[in-house]
Amino acid sequence: WHATPDLAVYGRFQTSFRNGGVTVARGVGRVADFNSDSIVMGEVGFRLTPSGTDGLSLSAALSAARWRNVLAELVSPRGIPITSNIGNARVTAVEANVDWTSPGGWSLGGGFLYTANHLVGDLAMQSDPRRRLLPDVPSLTANGHASYSWSGSDQTTYTLTANGQYVGRSVLGPGALFDLDQGNYALADLRMLARHGAVSFLLSVDNLFNTSANRFSLGNPLNLYRREGFVPVRPRTVSAVIGVSW
C-alpha cells in the first residue's frame, strides 16, 4: 500500500515445504528416511524512499515463522554427510536499514537484523537450553558505512569510505557433536578511490584492526569429533588497484 509517493507499507504470508527422501545411515550400506519439512511465515514492514538521488531512505520489517521438521545437512561422527530432521523451530526477526545521501557528498547508512529463534527436538535436547538454536543463525548482525566524495582542482574526484560489520555468536548445529561456537566478531574496512578521466586508483585496507575470530566451526568434517573446526576471518589486507576504462 503506497501511503504516500515515498512511503510503502506491506505485509505478506507465505508457506513452503521440501520433499522427504532417504539418506546415509550408520552402518555399511544402510539408509534412513527423512521427512518433509514445512514453514509458515508472516511479515509486515514499510519502505521510505526519496523521490530524488539525495535524501533519506528507510526500511523496517517484523517477521515470525514456524518451521516444522527442519531439514539440515549434517555429518556423522565419521565425517559422512547426511540429511536429517533436527526438530521444530520458531523464529522471530526484526530488521531495519537506513541510508542518507546529501548534496554535499556525504553518504551514511547502516542496518541490523535481530533474530530470536528456538529449536526443539531430540537432537536439540543434547545441547544446553540456551544453545538450542538454528544452525548458523546469529542473534544479531549489524553493519554501517560512511563515505565522503569531493573533487580536486585538477578535475580528479576522490571518495573515502569506511565500513563496519558485526556478526553475532551462533552455533554450528544442535546436539553434542555440533554444539560449537562461531561468529561474535567485528570488522572494519577503509577505501580510498581517486578517479581522473579514464584512470582510477583504489587503495583499500580490509580488517583494519586485524581482528582474529572464527567465522565457521566446521573445518575438515572427518575430524569434527576433535571439536577443532576453525575458519578464520581474513587478516588485515592492504590492496592497491589501478584501473583504466575505455
Side-chain angles (χ1 to χ4, degrees), residues 12-43 61-95 112-141 165-185 213-234:
R12 64 185 179 125
F13 175 81
Q14 290 182 270
T15 65
S16 186
F17 74 96
R18 292 181 291 185
N19 291 325
V22 295
T23 187
V24 176
R26 292 184 178 181
V28 178
R30 296 189 61 189
V31 297
D33 294 330
F34 59 89
N35 298 321
S36 171
D37 67 345
S38 61
I39 188 169
V40 177
M41 69 86 66
E43 179 184 18
L62 170 67
S63 62
R66 295 187 63 181
W67 197 352
R68 312 289 294 181
N69 294 324
V70 178
L71 278 173
E73 301 297 327
L74 307 176
V75 295
S76 71
R78 294 185 178 182
I80 300 174
I82 58 175
T83 303
S84 179
N85 298 100
I86 61 174
N88 301 324
R90 292 178 179 267
V91 186
T92 303
V94 179
E95 61 181 298
F112 76 91
L113 170 63
Y114 173 77
T115 303
N117 72 84
H118 185 66
L119 181 68
V120 295
D122 294 339
L123 193 59
M125 290 293 290
Q126 301 175 21
S127 302
D128 183 275
R130 295 171 298 177
R131 301 166 63 86
R132 295 170 187 172
L133 306 171
L134 284 171
D136 311 321
V137 181
S139 58
L140 176 65
T141 58
Q165 178 188 26
Y166 172 72
V167 178
R169 184 188 67 84
S170 64
V171 295
L172 179 63
L177 183 63
F178 303 95
D179 194 1
L180 299 173
D181 281 338
Q182 55 193 22
N184 193 26
Y185 61 86
N214 180 20
R215 294 179 57 196
F216 192 51
S217 291
L218 178 62
N220 183 348
L222 298 176
N223 294 329
L224 181 59
Y225 67 93
R226 296 181 180 177
R227 303 176 67 80
E228 298 175 349
F230 189 91
V231 178
V233 298
R234 188 179 186 182

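Starting from 1, each residue takes its place in the sequence as its number.
Note that OG1 of Thr141 is 9.0 Å distant from CD of Glu95, once rounded to the nearest 0.5 Å. Separating the OG atom in Ser63 from the CZ atom in Arg12 is a distance of 8.0 Å, to the nearest 0.5 Å. Atom CG in Asn85 sits 5.0 Å away from atom CG in Asn35 (nearest 0.5 Å). Residue Leu74 holds its CG atom at 4.5 Å from CZ of Phe178, rounded to the nearest 0.5 Å. With rounding to the nearest 0.5 angstrom, the CG atom of Leu180 is 12.0 Å from the CZ atom of Phe230. A distance of 14.0 Å separates OG1 of Thr15 from CZ of Arg66, quoted to the nearest 0.5 Å.
Looking only at atom types and distance, the side chain of Asp37 has a donor-acceptor partner in the side chain of Trp67 under 3.5 Å away. In this model, no donor atom of one side chain and acceptor atom of the other lie less than 3.5 Å apart for Tyr185 and Asn214.
Inter-residue side-chain proximity for Pro174 and Pro135 is flagged as met; some heavy-atom pair is nearer than 4.5 Å. No side-chain heavy atom of Val75 sits under 4.5 Å from any side-chain heavy atom of Ile82. Considering only heavy atoms from C-beta on, Leu224 comes within 4.5 Å of Leu218 through its side chain.
Applying the side-chain hydrogen bond (donor to acceptor under 3.5 Å, both in side chains) test to pairs two or more places apart or on separate chains, those with a residue in residues 172-182 are Arg131-Asp179, Arg131-Asp181, Asp136-Gln182, Arg169-Asp181, Ser170-Gln182.
Under a 3.5 Å cut-off, the side chain of Ser36 and the backbone N or O of Arg18 do form a donor-acceptor pair.
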* To do: Assess whether side-chain contact (heavy atoms from CB on, under 4.5 Å) is satisfied between Leu71 and Thr83, documenting all intermediate values.
  => CA-CA 7 Å; Leu71 278 173; Thr83 303; 3.9 Å; yes
* Could you go through the side-chain contact (heavy atoms from CB on, under 4.5 Å) check for Asn69 and Phe34 one step at a time? => CA-CA 9 Å; Asn69 294 324; Phe34 59 89; over 6 Å; no
For residues 113-128, dump all side-chain donor-acceptor pairs below 3.5 Å to protein atoms at least two apart in sequence or in another chain.
| unit_1 | atom_1 | unit_2 | atom_2 | d |
| --- | --- | --- | --- | --- |
| Asn117 | OD1 | Leu134 | N | 2.8 |
| Gln126 | OE1 | Ala176 | N | 3.3 |
| Ser127 | OG | Gly175 | N | 3.0 |
| Asp128 | OD1 | Arg130 | N | 2.9 |
| Asp128 | OD1 | Arg130 | NE | 3.2 |

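Within a 6.0 Å sphere centred on CZ of Phe17, other residues, nucleotides and ligands contribute 12 heavy atoms or fewer. With a 6.0 Å radius and a threshold of 12 heavy atoms from other residues, nucleotides or ligands, Arg215 has its CZ atom at or below the threshold. With a 6.0 Å radius and a threshold of 12 heavy atoms from other residues, nucleotides or ligands, Arg90 has its CZ atom at or below the threshold.
Residues Leu172 and Ser217 share a closest heavy-atom pair of CD2-O, 4.0 Å. Gly168 approaches Pro138 most closely through the heavy-atom pair O-CB, 3.3 Å.
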